[in-house]
Amino acid sequence: MDAERLSAGGTGAGEASVGGASGAASVTEARTAAEHAARTSYGRLVAVLAAGTGDLALAEDALAEAFTAALERWPRTGVPTNPEGWLITVARNRQRDVWKSSAVRTNVPLEGTDAAIDPLDGLDLLRIPDRRLELLFTCAHPAIDPAARTPLMLQAVLGFDAAQIAAAYAVPAPTMAQRLVRAKRRIARARIPFVIPDRRAMPERLPAVLEAVYGCAAITWRDDASSLAGEAKHLAVTLASLLEREPEAWALAALVTLSLARRRPGTYVPLEEQDTAAWDAQLIDEGETYLRRAATSGRRTPGRFELEAAIHAVHLDRRRTGITDWGAVRQLYTALVAVAPSLGSQVALAAVIGRTDDADAGLAALPPGGDRFQPWWATRADLLARAGRGAEASVAYERAIELTDDAALREYLEGRRGRVQ
Amino acid sequence: MRYTLLLHYAEELPETIGDDVIAEGMQRMASYAATLHAAGVLIAAEVLQPSDVATTVRRVDGSVQVQDGPFADTKEQLGGTIVIDVPDLDAALEWASQAPALEWGGTVEIRPGATHTVDGVWTPND
């Protein structure tokens, strides 16, 4: 049984079918179908291939070979009715080949992968168990180097290659590739299991997963990765949906969605000066739905992501009211500093106090220890400018500019510095 | 899958911490071993004598050199090893986190086994 038979019964709506009387799909059509399958199902396919064996690297290699086989074969045979089923079947056969060859210690090439396809194996993606949640918990396992967790998710669940991830982290590609290889070797050799932690272990395991998914969002929002911006949202929403009732997971989905709603690559404009008409109303509605879901999940104290999402929601509410409710923002930041104290949230609170009270109060609220922290200098510069201390503001802007690696933000800060001089 | 738990902790003498504390520690180790055994995961366990009676052998310039003292002269020393056979790292972590050494301020290093002997023949893990 082979790919032709898999495609033969294709009468269902919506599938890419064999094109024209020639019985062959165009190269473009085959490529599009393979790319679509890669985008939408990559993580599902990797998760299900890796879950049984614990060998993430082999699962990815096998899937990559299946995609290559698809690009070679589908233009001739037509796109199968169920591209994902076809891919997973070919990938599984490839995995078996590797096990067999390592078992008998031979490197004899095996015959064409298509010959061994079992049509009853993974025919329907809906019947392929969804193991992405297990995969996410494996990627963010406490035994994995924290610096490798987000890159591992970007690769294993979202399908980014090491070079793309390296670019996003501004490290050389070989360095990132090695970090990923090492993490995967560790998963296989130390046998880190592909399991969802039980209720008892969940509270200590979940934060690392949320943190890593949040890291995916931060990385994919960079200007040079704008085509990937929707991917992290997809991941965050998937995580929340799979966990069903985890308030912070829904809050993270809300935060990622609301941030995406006002994301505009190019010229940097501060949130409060952004044109509300440019925001994506549909994404805002979607994000607010997730936030309500987080809030109604029966928890007393809001968590870090819920507070951050709520802060976004208050800012975005300006599209309805025309003003920013700084009192509400201040209250939320005060809670955030209490729940998850960080230099970032303390600096943000100081900036808000600069609005609700005055610039001097904001300056007094700036925490110590921000010497090498760009937002600290940018906030200080802005508060000094508002307080009419132009010379000091100029110096602070200078320091903020030095610490900025984002070109658009640097340009904005240079403009501000020009005005206080 | 076999994992070896390497128990590292500061070495204490009965003179400094008292016989009662030593006896209590031995009692805790006894019940830890009994628990591992009852769960069917214990392969082997050994508590070592203090590192001041350790002897180290090295080969230096072709000749064997015998020296008193442990391999590494650190405050915390390898005090014992426990070999367990469990399905995965999470299970090993679960058992390791119950080790009495942790209550004594010690550290447990979990190392997956690569190979072990069966009747004198090296046999891969699993």
Side-chain angles (χ1 to χ4, degrees), chain A residues 47 49-59 95 98-105 131 133-146 148-149 152 156 181-209 212, chain B residues 1-9 31-32 35-46 76 78 80-118 121-126:
Chain A
L49 289 165
T53 69
D55 194 335
L56 191 49
L58 176 58
Q95 280 179 311
V98 170
W99 298 326
K100 262 189 267 171
S101 67
S102 69
V104 297
R105 298 267 179 270
R131 311 297 293 272
L133 195 50
E134 285 92 331
L135 182 57
L136 288 169
F137 276 99
T138 304
C139 290
H141 194 279
I144 302 279
D145 173 11
R149 292 176 193 164
L152 206 50
V181 165
R182 207 177 291 140
K184 284 177 219 171
R185 193 188 297 143
R186 174 170 265 270
I187 290 170
R189 296 221 181 137
R191 193 168 298 169
I192 294 175
F194 282 67
V195 290
I196 302 162
D198 61 27
R199 194 174 288 280
R200 196 169 43 92
M202 187 60 90
E204 79 187 44
R205 291 285 175 87
L206 184 61
V209 175
Chain B
M1 178 90 168
R2 290 161 73 117
Y3 295 85
T4 296
L5 311 184
L6 302 166
L7 314 174
H8 300 267
Y9 42 87
S31 67
Y32 184 51
T35 307
L36 291 169
H37 179 70
V41 300
L42 182 62
I43 301 289
E46 185 134 353
E76 295 198 328
L78 179 64
T81 59
I82 295 178
V83 182
I84 56 174
D85 193 348
V86 293
D88 56 43
L89 183 63
D90 277 355
L93 281 167
E94 183 67 38
W95 288 116
S97 59
Q98 294 178 33
L102 297 177
E103 295 157 28
W104 311 330
T107 305
V108 179
E109 180 179 339
I110 303 159
R111 292 284 286 270
T115 174
H116 58 276
T117 56
V118 176
V121 177
W122 287 110
T123 309
N125 199 353
D126 239 0

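Because only heavy atoms are used, hydrogens play no part in the values below, and waters and symmetry mates are left out as well, while side chains stay in. Chain A is the first sequence line, chain B the second, and so forth, proteins listed ahead of strands; every chain is numbered from 1.
If you measure heavy-atom distances from B/I110 to chain A, you find no contacts under 4.5 Å at all. For chain B, no part of A/R186 is nearby; none of its heavy atoms comes within less than 4.5 Å.
With values rounded to the nearest 0.5 angstrom, A/R205 atom CZ is found 12.5 Å from A/I196 atom CD1. In this structure, the separation between CG on A/L133 and OG1 on A/T138 is 9.5 Å, given to the nearest 0.5 Å.
With hydrogens and angles ignored, the 3.5 Å screen pairs a side-chain donor or acceptor of A/R149 with a backbone N or O of A/I144. A donor-acceptor contact shorter than 3.5 Å links the side chain of B/Y32 to the backbone of B/W95.
Heavy-atom pairs under 4.5 Å with chain A peak, among B/A91, B/G113, B/P112, at B/P112.
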